[in-house]
Colleague: 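Have a look at the structure that comes next, please.
Proteins come first, then strands; the chains are lettered A, B, ... in the order of their sequence lines, and each starts at number 1. Computed from a prediction, not measured in an experiment: that's the story for all the values here. Side chains included, hydrogens not; waters and symmetry mates left out as well; all remaining heavy atoms used.
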Number of protein chains: 2
Amino acid sequence: MRAEEIPEISSLPLFATMQPEVRDEIFGSAFLQVFPPQLTMIETGGRADFLHILIDGLVELFTVDGSREVTMQLVRPVSSFILAAAYTDQHYLMSARTLTASRILLIPSQLLRGAIARDGALAAAAMTELAMRYRNIVRSLTDMKMRQTLERLANFLLLEHTRLDGAVQFQLPAEKRVIASLLGMTAENLSRACSTLAGHGAIVSGPTVQIVDRTALEALARPDPVVDRH
Amino acid sequence: MRAEEIPEISSLPLFATMQPEVRDEIFGSAFLQVFPPQLTMIETGGRADFLHILIDGLVELFTVDGSREVTMQLVRPVSSFILAAAYTDQHYLMSARTLTASRILLIPSQLLRGAIARDGALAAAAMTELAMRYRNIVRSLTDMKMRQTLERLANFLLLEHTRLDGAVQFQLPAEKRVIASLLGMTAENLSRACSTLAGHGAIVSGPTVQIVDRTALEALARPDPVVDRH
DNA sequence: CGAACCCTTGATGGCGATCAAACGCCGTGG
DNA sequence: CCACGGCGTTTGATCGCCATCAAGGGTTCG
């Protein structure tokens, strides 16, 4: 990996507090791989031989059932994914593919487990990371069970809006079909829902979003102060 | 807690491998509490001051949105719950109530965090526990997004059937209204779905279930060999 | 320039929610 | 002991959200 990126990766919550010598050992055996867009690098049911860390690009986690697939989560840089499978040495529950060209750091699972066993600070960080991801999925499940599609879209846009520090205008992070699947709806319905939001403070035209009235959007989305605090 | 139960709790995966002296310290400061049925002991948004371990009884985890609530998970003995919130010292994402009279062991979160920091084996066990729960929620979310209600019910019954070592007849673990909410459907629809299953190898009459043709039920449920392996 | 592919828009249908009512069970109190 | 009321479950009727099917427009890429 590029020399200037080592500090950036080291400063990830997962690696920030660990012992430097253990970190050097892990990074020494890790390797960076560059993937083109639309490449499935992990398949459901496979073995989790590596912890993946997305350095750059965009990754989609999804599940497959027969011929149908559903997006579960978008992974943005810089963050790790499939930590749970890597740590417990089990099969992947989700597949992963790149949405854009991506650079991904691969850390052998076995090495990671060894390091966690030896380094208490790393163990704590991994635990925190996993706990955060757990809580995020609980949020997704809640969202799915409690809200209908329009509300989910509205909440999604509110979240993006917040993530981007309240920028009035921004781009959707992925193709609409992917967003639709992530939100548990069809592309057709997402399109209609986007039009509907024009009357509720959000104008979505193609891939660009304008938040013109956050209050109105919140009135529709009714974000939960506890569940939706990220 | 009763003397004869200490070995049972100690043999939980979470506590089995830790150092005996740390375990004694934790258990020394833990206390057992008895709750009547239908008592909400944890409210969404509250602080996670204790790790809870259900020794005996049945607990429902659920979320509240305005006036509506949704069941997220059933907790059966003996197992811990809300580990993620307790470890990260954050607010509860879910509420918890007893469904039957229950005995619950309460371990101060702060004490737990300290013990995890000192005891690598406990840290590893906690990590595994959390990873397992993470994977279970991923399964729930997949189930929710990919299947419709009848399939979800069928899969639920298959899971119960397996859990009970293939017993031909068994009781539903909770009231149907709770099961319905857990499966993301209304009580009315669950009732109809139960009748429908009579033609697919499962006879549900009131709270009792008979699996008369598992193959037929599986044909309807189409369980995923990866996702549904628990 | 053509062929995918994505997005959009419209028409239709079905799954499941909602509303409504009756039944059975069980506790309480007369 | 029985009457009553409450609650969970069941069954029926209806509604609405959203999926599906279908077709057209726009963009990208070979």
Colleague: Starting at atom CD of E175(A), determine the distance to atom C1' of dC5(C), rounded to an integer number of angstrom.
Modeller: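 Checked: the CD to C1' distance equals 9 Å.
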Colleague: Please state how far atom CG in L190(B) lies from atom P in dT18(C), giving the value in whole angstrom units.
Modeller: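 Atom-to-atom, L190(B) to dT18(C), this comes out as 15 Å.
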Colleague: Within this structure, what is the CD-to-P distance between Q38(A) and dA4(C), rounded to whole angstrom?
Modeller: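 In whole Å, dA4(C) P and Q38(A) CD are 18 Å from each other.
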Colleague: Are the aromatic ring centres of Y87(A) and Y134(B) under 6.0 angstrom apart?
Modeller: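 Y87(A) vs Y134(B): aromatic centres not under 6.0 Å.
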Colleague: To the nearest Å, give me how far apart CG (L172(B)) and P (dG8(D)) are.
Modeller: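 L172(B) atom CG is separated from dG8(D) atom P by 16 Å.
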Colleague: Going 5' to 3' through nucleotides 17-30 of chain D, assign each nucleotide B (protein heavy atom under 4.0 Å from a base atom), S (under 4.0 Å only from sugar-phosphate atoms) or - (no protein heavy atom that close).
Modeller: SSBBB---------
Colleague: What residues, two or more places apart in sequence or in another chain, satisfy salt bridge (charged side-chain N to carboxylate O under 4.0 Å, His left out) together with D56(A)?
Modeller: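 D56(A): no salt bridge (charged side-chain N to carboxylate O under 4.0 Å, His left out) contacts found.
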Colleague: Can you list the residues that meet the side-chain contact (heavy atoms from CB on, under 4.5 Å) rule with E129(A), with sequence neighbours excluded?
Modeller: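 Per chain and number, E129(A) pairs via side-chain contact (heavy atoms from CB on, under 4.5 Å) with L14(A), S80(A), L83(A), R133(A).
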Colleague: Would you kindly give the CD-to-C1' distance between E151(B) and dG14(C), to the nearest whole Å?
Modeller: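 Those two atoms, CD and C1', are 14 Å apart.
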Colleague: Among the nucleotides dT9(C), dT10(D), dC6(C), which one has an atom lying closest to any side-chain atom of R177(A)?
Modeller: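 Per side-chain heavy atoms of R177(A), the pick is dC6(C).
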Colleague: Taking side-chain contact (heavy atoms from CB on, under 4.5 Å) as the test, write out the residues that go with S181(B), two or more places apart.
Modeller: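 Partners of S181(B) by the side-chain contact (heavy atoms from CB on, under 4.5 Å) criterion, ordered by chain and then number, come out as V70(B), T71(B).
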Colleague: Can you sort out the partners of A202(A) under side-chain contact (heavy atoms from CB on, under 4.5 Å), two or more places apart, ordered by chain and number?
Modeller: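 side-chain contact (heavy atoms from CB on, under 4.5 Å) check on A202(A) returns L157(A), L197(A), I211(A), L217(A).
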Colleague: List for me each residue that meets salt bridge (charged side-chain N to carboxylate O under 4.0 Å, His left out) alongside R192(A), sequence neighbours excluded, and say none if there are none.
Modeller: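 Expected list: none.
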